[in-house]
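Comments concern the structure below.
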4 protein chains.
Amino acid sequence: MAPKLRQKRRDGLKRQAQLMDVAMEIFAEKGYHSTSVEDIVNTAGVAKGTFYLHFEGKKDVLDKIIESYFSMLYESLKVLDISVPRPVEEIKETYMNVSRALIADTRMKQFVRLLLSEMMGLDRGLTYRINDFFNRIVQMSTGYMRKAQHENRIISTIDPVMISHGIIGSVKELLYQWAVIDENIDLERAISDLVDVYFRGMILE
Amino acid sequence: MAPKLRQKRRDGLKRQAQLMDVAMEIFAEKGYHSTSVEDIVNTAGVAKGTFYLHFEGKKDVLDKIIESYFSMLYESLKVLDISVPRPVEEIKETYMNVSRALIADTRMKQFVRLLLSEMMGLDRGLTYRINDFFNRIVQMSTGYMRKAQHENRIISTIDPVMISHGIIGSVKELLYQWAVIDENIDLERAISDLVDVYFRGMILE
Amino acid sequence: MAPKLRQKRRDGLKRQAQLMDVAMEIFAEKGYHSTSVEDIVNTAGVAKGTFYLHFEGKKDVLDKIIESYFSMLYESLKVLDISVPRPVEEIKETYMNVSRALIADTRMKQFVRLLLSEMMGLDRGLTYRINDFFNRIVQMSTGYMRKAQHENRIISTIDPVMISHGIIGSVKELLYQWAVIDENIDLERAISDLVDVYFRGMILE
Amino acid sequence: MAPKLRQKRRDGLKRQAQLMDVAMEIFAEKGYHSTSVEDIVNTAGVAKGTFYLHFEGKKDVLDKIIESYFSMLYESLKVLDISVPRPVEEIKETYMNVSRALIADTRMKQFVRLLLSEMMGLDRGLTYRINDFFNRIVQMSTGYMRKAQHENRIISTIDPVMISHGIIGSVKELLYQWAVIDENIDLERAISDLVDVYFRGMILE
DNA sequence: TATGAATGAGAGTTCATTCAT
DNA sequence: GATGAATGAACTCTCATTCAT
């Protein structure tokens, strides 16, 4: 039935991508647990079986969504990863880069909403993956700070790891405010200001 | 089980308090959705019916847990709430106070774990309540900063609301690291250092 | 709803036994795979959940049915198991004993129907359990025959193992005819005659 | 795949024959119900649609397998069917003939495995067809025995029908042991010995 | 208060079958 | 003939909640 519809859909997004988009939309709106596979397929206008043709199960869509978006975000990290000697203030770029990547793609807002208000605690493996991503940033940030401490350019009494977690936490919170509470926030400026305050607070003289 | 231990609690609420403790323990360990009412009653050593004698349902026990812990946390906010004119650096106390309240009670670590890795996104009403608590701190912090900006004591270009959210985010993140990842973190010192950096970064001269 | 019915049922069989009886009836009639859990609970007049209160799943009912009936049948084997020196003709008792146990309990006919026309090949573990039962008889029978061969009382050229399997097969077939095709067969006499023929054919002189 | 190998089969039936072979292989290994059409087409290396081009459904491929193998087996029965007056001992040939037919074709072992451990109880119609085959042998055997009883050459107290079923059962059991448990059994000798014992047990003088 | 067997709506998943290409 | 994405009925299983005792 409705062969025309079927045909039309094939022209646009492929099924799997379409279902991932639809799923993320509903996950972000109702939450992962409150979303049933039926919700997804009804919204997508396909049969239940079609869902299981493309995903191993409900958990698998979420995994594939995360894989897809995280691979984009990891891209935005690579830029700084290879760089070696940089002035301390440029750590800021690490944070700004990720933030810009998030703002650039409109679908990212939904992903951030999902990431920051749903995913933590959903599943042990998932939590590890998310924490891994942020830990990678923490490690980069920590490395830079340690070096700067040795060169006597920032305060030596602070623990770079803790401060890095603090910055990450700040950025997460601003992202949450932007993605969930008020989309009119000038996110880039807010993050820029915030990181500036951090560095002003750390730099010696 | 262990009825003697619980005997000390406010009379009439023994069972309810016991069940709330048990529930929080399991929620914090396995997550709200993965915890069944059966898990709770089995661990508590009571029958299913008994649970529904004290709570309206699974959601209700979580609500009551939150109510109970949030009322304690709101207490720790009141101290500053009534304070009138203070030097800018003392905003720090707002954050330190809440943090100390969390560290003081050992059961708080479980609550923090639950709060920061499970509750967001569980339920609209719940999310509002949690955000309300943090917003209250943000408002207090923002108020102080605005005043300090008028008195030309901190940078005027930054948005106090955003920076306040940033500080809250930092504190949340450190709490998460402490409650979920590594309980050996010297939380109080980390938060103190972090807030110091923030203020060094904001203060003029 | 229907609290009276619920009450009445509790007086008679216990739920688990009732469900096992109902399940065996339907399995024997429609076959295990063609029987849905819904069929069972509808016939038993209980809710789906009740089924899963007593069994781990569809497979588990079958396992419990088998366990229950096999433990009865193993009882009927024990009689001969401890006996040591016996005249060769009395091996017959091994077969007659099991047969009588099957005929005695009216519910056994359904079990035999299930056993001989459904269970083989349902599941590796199940098949092993069934074969184990028959192998036990084969072993007993084989032991007696070997002894009789040494004493030169039965033909020495035949393989006791194969002949024992043969007798088992004969008995199975007669049971199948009785349980599935024609319940009016005089099973005891048929088995008696059959075993007689076997022994007349084996005995020297 | 391996299209060259299949090329030799009767033209026009290549695909169908290939699919039947593959299906029987998997049925015999995993059981009919645990085998999905997908298993079959994956192993055969064709698309799902192709399967339905050659068979009406999953059940149909089993029907066609049975039809194919039973027609071969019925061939092996015809030999004796037309025979007229024979000495009683030669009934043995009826059994030996079928057995030899089974051993001769290597694919028959799979069919026997399927037949004796899977098919009974799969489906009413199927069960009838299988029983019909064995009943035909029983009828032949019974006819011979009745005649022999009249001629006072075998014991008159036994029921030829029951004894015939017994012999069939014995043969089935040995076939099962050979096809499923231990392929090294000298099946022909075992069946020969077994039928000999039967007749020694029945013959007068 | 306390119990726990019973409930049943609802969720996730499978798979034989179809049909436009 | 051949394909394989799509279908959807059917099934197993879960679990928050109720209520007679």
Side-chain angles (χ1 to χ4, degrees), chain A residues 1-7 9-10 14-16 33-41 44-61, chain B residues 12 14-16 33-42 45-61, chain C residues 1-7 9-10 14-16 33-41 44-60, chain D residues 12 14-16 33-42 44-61:
Chain A
M1 70 176 59
K4 287 293 171 226
L5 278 175
R6 213 186 293 166
Q7 204 159 336
R9 240 172 241 122
R10 217 176 293 180
K14 273 126 147 204
R15 267 292 119 84
Q16 180 164 323
H33 279 110
S34 304
T35 301
S36 66
V37 174
E38 190 137 9
D39 288 335
I40 298 169
V41 297
V46 299
K48 255 187 198 163
T50 307
F51 178 89
Y52 287 92
L53 202 64
H54 293 286
F55 304 99
E56 275 159 43
K58 189 181 160 187
K59 175 75 186 344
D60 189 45
V61 217
Chain B
K14 287 181 304 177
R15 259 296 126 79
Q16 191 169 30
H33 279 110
S34 304
T35 301
S36 64
V37 174
E38 188 140 9
D39 288 334
I40 298 169
V41 297
N42 282 351
V46 299
K48 270 214 189 113
T50 308
F51 179 89
Y52 285 90
L53 225 52
H54 293 285
F55 304 99
E56 275 161 42
K58 188 182 163 187
K59 176 73 186 347
D60 187 46
V61 73
Chain C
M1 69 175 58
K4 288 292 172 227
L5 278 176
R6 214 186 293 166
Q7 204 161 336
R9 241 173 238 120
R10 217 175 294 179
K14 276 134 150 192
R15 268 291 119 84
Q16 180 163 325
H33 279 110
S34 305
T35 301
S36 66
V37 173
E38 191 136 8
D39 289 334
I40 298 170
V41 297
V46 300
K48 251 186 208 166
T50 307
F51 178 89
Y52 287 93
L53 203 63
H54 294 285
F55 304 99
E56 275 158 42
K58 189 180 158 187
K59 176 76 186 343
D60 189 44
Chain D
K14 287 180 306 177
R15 259 296 126 79
Q16 190 169 31
H33 280 110
S34 304
T35 301
S36 64
V37 174
E38 189 139 10
D39 288 333
I40 298 169
V41 297
N42 283 350
V46 298
K48 269 214 189 114
T50 308
F51 178 89
Y52 285 90
L53 224 52
H54 293 285
F55 304 98
E56 275 160 41
K58 188 182 163 187
K59 176 72 186 351
D60 186 46
V61 74

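Since this is a predicted model, take the numbers as computed values, not measurements. Numbered from 1 within each chain, the chains take letters A, B, ... in sequence-line order. Side chains included, hydrogens not; waters and symmetry mates left out as well; all remaining heavy atoms used.
- Residue D:Thr50 places at least one side-chain N or O closer than 4.0 Å to OP1 or OP2 of F:dT3.
- One N or O on the side chain of D:Asp39 and one on the backbone of D:Ser36 form a donor-acceptor pair closer than 3.5 Å.
- Checking E:dT3, E:dT17, F:dA2 against every side-chain atom of D:His54, the shortest atom distance belongs to F:dA2.
- Rounded to whole angstrom, the span from the CZ atom of C:Phe55 across to the P atom of F:dT14 amounts to 15 Å.
- The partner of E:dT21 is F:dA2, judged by Watson-Crick or G-U wobble contacts that both fall below 3.5 Å.
- Comparing E:dA6, F:dT12, E:dT3 against the side chain of C:Lys48 picks out F:dT12 as the nearest.
- Side-chain proximity of A:Val37 to F:dC11, E:dT17, E:dG12: nearest is E:dG12.
- Using a 4.0 Å heavy-atom cutoff across all strands shown, D:Ser36 reaches sugar-phosphate atoms only and no base atom.
- In this structure, D:Glu38 places its CD atom 14 Å from P of E:dT17, rounding to the nearest Å.
- For C:Tyr52, the side-chain atoms get nearest to F:dT14 when compared with the rest of E:dA2, F:dT14, F:dT3.
- The residue among D:Phe51 and C:Phe51 whose nearest nucleotide of DNA chain F is located toward the 5' end is D:Phe51.
- Ranked by how close their nearest DNA chain E nucleotide is to the 5' end, D:His33 and A:Thr35 are led by A:Thr35.
- The shortest heavy-atom contact between A:Thr35 and A:Lys58 is O-NZ, 2.8 Å.
- Closest approach of C:Phe55 to C:Asp60, counting heavy atoms only: CA-OD2, 3.3 Å.
- Taking 4.0 angstrom as the limit, C:Arg15 places none of its side-chain polar atoms (N or O) nearer than this to OP1 or OP2 of E:dA5.
- In this structure, the NZ atom of A:Lys58 is 13 Å from the C1' atom of F:dT14, given to the nearest Å.
- The two residues A:His54 and A:Gln16 make their nearest non-hydrogen contact at O-OE1, 3.6 Å.
- Between the P atom of F:dT21 and the CG atom of B:Leu53 lies a distance of 18 Å, rounded to the nearest Å.
- Heavy-atom nearest nucleotides on DNA chain E were determined for D:Lys59 and for B:Gly49, and the one closer to the 5' end corresponds to B:Gly49.
- Side chain of C:Val46, nearest nucleotide from E:dT7, E:dT1, F:dG1: E:dT7.
- Taking atom C1' on both F:dT21 and E:dT1, the two are 13 Å apart, rounded to the nearest angstrom.
- At whole-Å resolution of the value, CG in B:Asn42 and P in E:dT3 are 12 Å apart.
- Searching all strands for a Watson-Crick or G-U wobble partner of F:dC11 with both distances below 3.5 Å returns E:dG12.
- Side-chain contact between D:Val41 and D:Thr50 is absent, with no heavy-atom pair separated by less than 4.5 Å.
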